[in-house]
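Notes to accompany the following structure.
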Number of protein chains: 2
Amino acid sequence: MLGEKGNSKSSEMQKKMGDFVAKCRQNGLKITPQRMAVYRALLESKEHPSAEMIFRTVKEVFPSVSLDTVNRTLLTLDEIGVAFIVEGSGDSKRYDANLGDHQHFKCVKCKRIVDFHHKPFDNIKVPKSIGENFIVLRKTVYIEGICDLCAKKQN
Amino acid sequence: MLGEKGNSKSSEMQKKMGDFVAKCRQNGLKITPQRMAVYRALLESKEHPSAEMIFRTVKEVFPSVSLDTVNRTLLTLDEIGVAFIVEGSGDSKRYDANLGDHQHFKCVKCKRIVDFHHKPFDNIKVPKSIGENFIVLRKTVYIEGICDLCAKKQN
DNA sequence: TACTATATAGTAGTCTATCCTATTTGTTCG
DNA sequence: CGAACAAATAGGATAGACTACTATATAGTA
């Protein structure tokens with residue numbers, strides 16, 4: 001990309017990288033150049049990249065980096081809380097023939113999807129910034145967590 | 001969901017199958033036994049099954065059915081509006097390092113994810129039925145649709 | 001019954017993500 | 001500063017989800 005970043009942006013970045021190093025140490029994680037590069041690539045991306053996209057970016061600095069490293073690192077970022085997996089992404093397609101109003105809770109462990117129905121969630125108002133520019137097909141409240149069965153297993 | 005009467009189930013099912021046949025004819029789709037079996041399997045499932053789960057069920061009636069047929073059929077069900085793909089499922093993992101409050105709009109065509117921030121969505125109250133039984137990790141308003149760029153392309 | 005467009009089975013291929021193992025590298029501690 | 005150990009990595013193998021392809025079969029119809 002052309003165009004140098006302004007000084008404020010660059011120092012902002014430096015602060016975040018510093019915080020990241022601290023967070024890694026807190027969690028007993030080693031500071032490897034690959035890990036730093038993955039986090040930096042994610043920070044600099046304005047999209048919400050997939051592992052593959054990050055992989056391509058990091059490869060420019062570390063031609064020998066493996067996709068597995070990128071995947072592992074991204075999961076680590078999620079685990080230590082400096083990044084997260086965008087809601088709902090990453091699992092196989094699931095189907096629903098119940099056309100009535102309802103919402104879904106999804107267990108991040110066992111991938112079970114549980115229906116619930118909370119009337120206030122049935123008709124959410126779409127903010128102007130979205131409604132004016134995009135065609136909205138669906139809007140829903142989506143809850144993720146750990147279901148009762150998986151919670152029991154952990155104890 | 002709660003509140004389903006056992007004795008009315010079979011006639012309820014017959015009605016839905018009849019509606020389905022009508023919907024197929026409306027859309028010029030042939031009534032094949034495989035298609036009926038896939039829809040029936042989806043209707044009867046209380047989970048939100050994946051193609052693989054439906055495949056296993058249908059295979060009990062049609063041992064020779066192929067996974068491809070199940071996949072195609074499920075997509076068809078989505079297209080004619082008698083079923084749908086649970087929000088957010090089916091795409092590759094996407095990452096986000098922005099920890100501030102915000103929500104996501106996802107384009108179903110190009111998979112682009114656009115941030116927006118609508119303050120009323122920041123602190124959604126979880127209904128008791130969920131909060132009491134499950135560990136809630138994330139709750140968010142999730143909007144799906146077609147983005148401006150993809151909408152242009154279609155014209 | 002015969003025709004035609006659609007649907008299907010079976011297989012191959014693609015894409016995503018994880019697993020495995022030998023090797024390398026941070027970090028700690030002497 | 002240098003050795004030792006645990007953690008991380010590269011690269012290839014593997015698994016799973018989905019799509020593409022093609023020859024065959026079938027539903028709808030005239």
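The chains referred to below are lettered A, B, ... by the order of the sequence lines, with proteins before strands, and numbering in each begins at 1. FYI, side chains are in, hydrogens and waters are out, and symmetry mates aren't considered; it's all heavy atoms of this structure.
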Nearest-Å distance, CG (A:Asn71) to C1' (D:dT9)? 13 Å

Within the side chain of A:Arg94, is there an N or O that forms a donor-acceptor pair under 3.5 Å with the backbone of A:Lys111? yes

Return no unless some side-chain N or O of B:Thr69 is found under 4.0 Å from OP1 or OP2 of C:dA9. yes

First encountered from the 5' end of DNA chain C, between B:Ser92 and B:Thr73: B:Thr73

From the list A:Arg25, A:Met17, A:Lys23, side-chain contact (heavy atoms from CB on, under 4.5 Å) with A:Val21 holds only for A:Arg25

Check the orientation of A:Phe105 and B:Phe134. Use parallel for under 30°, tilted for 30 to 60°, and perpendicular for over 60°. parallel

Checking A:His118 side chain against A:Phe116 main chain: does a donor-acceptor pair fall under 3.5 Å? no

Whole-Å distance separating the CG atom of A:Leu29 from the C1' atom of C:dG26: 12 Å

Hey, is the side chain of A:Lys93 poking within less than 4.0 Å of OP1 or OP2 on D:dT19, counting only N and O atoms? yes

Proximity to the side chain of A:Ile31 - top-ranked nucleotide from D:dG11, C:dT27, C:dT16: C:dT27

Whole-Å gap separating C1' (D:dA8) and CG (A:Leu74): 15 Å

Side chain to side chain contact (heavy atoms under 4.5 Å, CB included) involving A:Glu87 - partner list, sequence neighbours excluded: A:Tyr142, A:Glu144, B:His104, B:Arg138, B:Thr140, B:Tyr142

Main chain of B:Thr69, side chain of B:Thr73: is a donor-acceptor contact present, judged purely on distance under 3.5 Å? yes

Side-chain-base donor-acceptor pair under 3.5 Å for B:Asp91 and D:dC18: no

B:Thr76 side chain vs B:Arg72 backbone, donor-acceptor pair below 3.5 Å: yes

With DNA chain C as reference, determine whether B:Pro63 or A:Asp68 sits nearer its 5' end, using the nearest nucleotide of each. B:Pro63

Protein and nucleotides 2-6 of chain D: nitrogen or oxygen contacts under 3.5 angstrom:
from  : atom 1 : to      : atom 2 : distance (Å)
D:dA6 : N3     : A:Lys30 : NZ     : 3.1

Nearest-Å distance, CG (B:Leu67) to C1' (C:dT14)? 15 Å

Between A:Gln34 and D:dA10, is there a side-chain N or O to OP1/OP2 distance below 4.0 Å? yes

Interatomic distance where NZ belongs to B:Lys111 and P belongs to C:dT16 [whole Å]: 12 Å

In terms of the nearest nucleotide of DNA chain D, which residue is placed more toward the 5' end: B:Arg25 or B:Ser50? B:Ser50

Donor-acceptor contact below 3.5 Å, side chain A:Ser89 vs main chain A:Val86: yes

Hey, is the main chain of B:Ile85 close enough, under 3.5 Å, to the side chain of B:Asp78 for a donor-acceptor pair? yes

Quick one: is A:Arg72 getting a side-chain N or O under 4.0 Å of the D:dT9 phosphate, OP1 or OP2? yes

If each end axis of the helix from C:dT1-D:dA30 to C:dG30-D:dC1 is fitted on five C1' pair positions, the angle between them, to 10 degrees, is 30°

Does the side chain of B:Thr32 get closer than 4.0 angstrom to OP1 or OP2 of D:dT26 through an N or O atom? no

Between P of C:dA17 and CD1 of A:Ile54, the distance in whole Å: 12 Å

Do the rings of A:Phe20 and A:Tyr39 sit parallel, tilted or perpendicular, given the 30° and 60° boundaries? parallel

Atom CZ of B:Phe55 and atom P of D:dC18 are separated, to the nearest Å, by 13 Å

Report the distance from atom CZ of A:Arg35 to atom P of C:dG26, rounded to the nearest whole Å. 11 Å

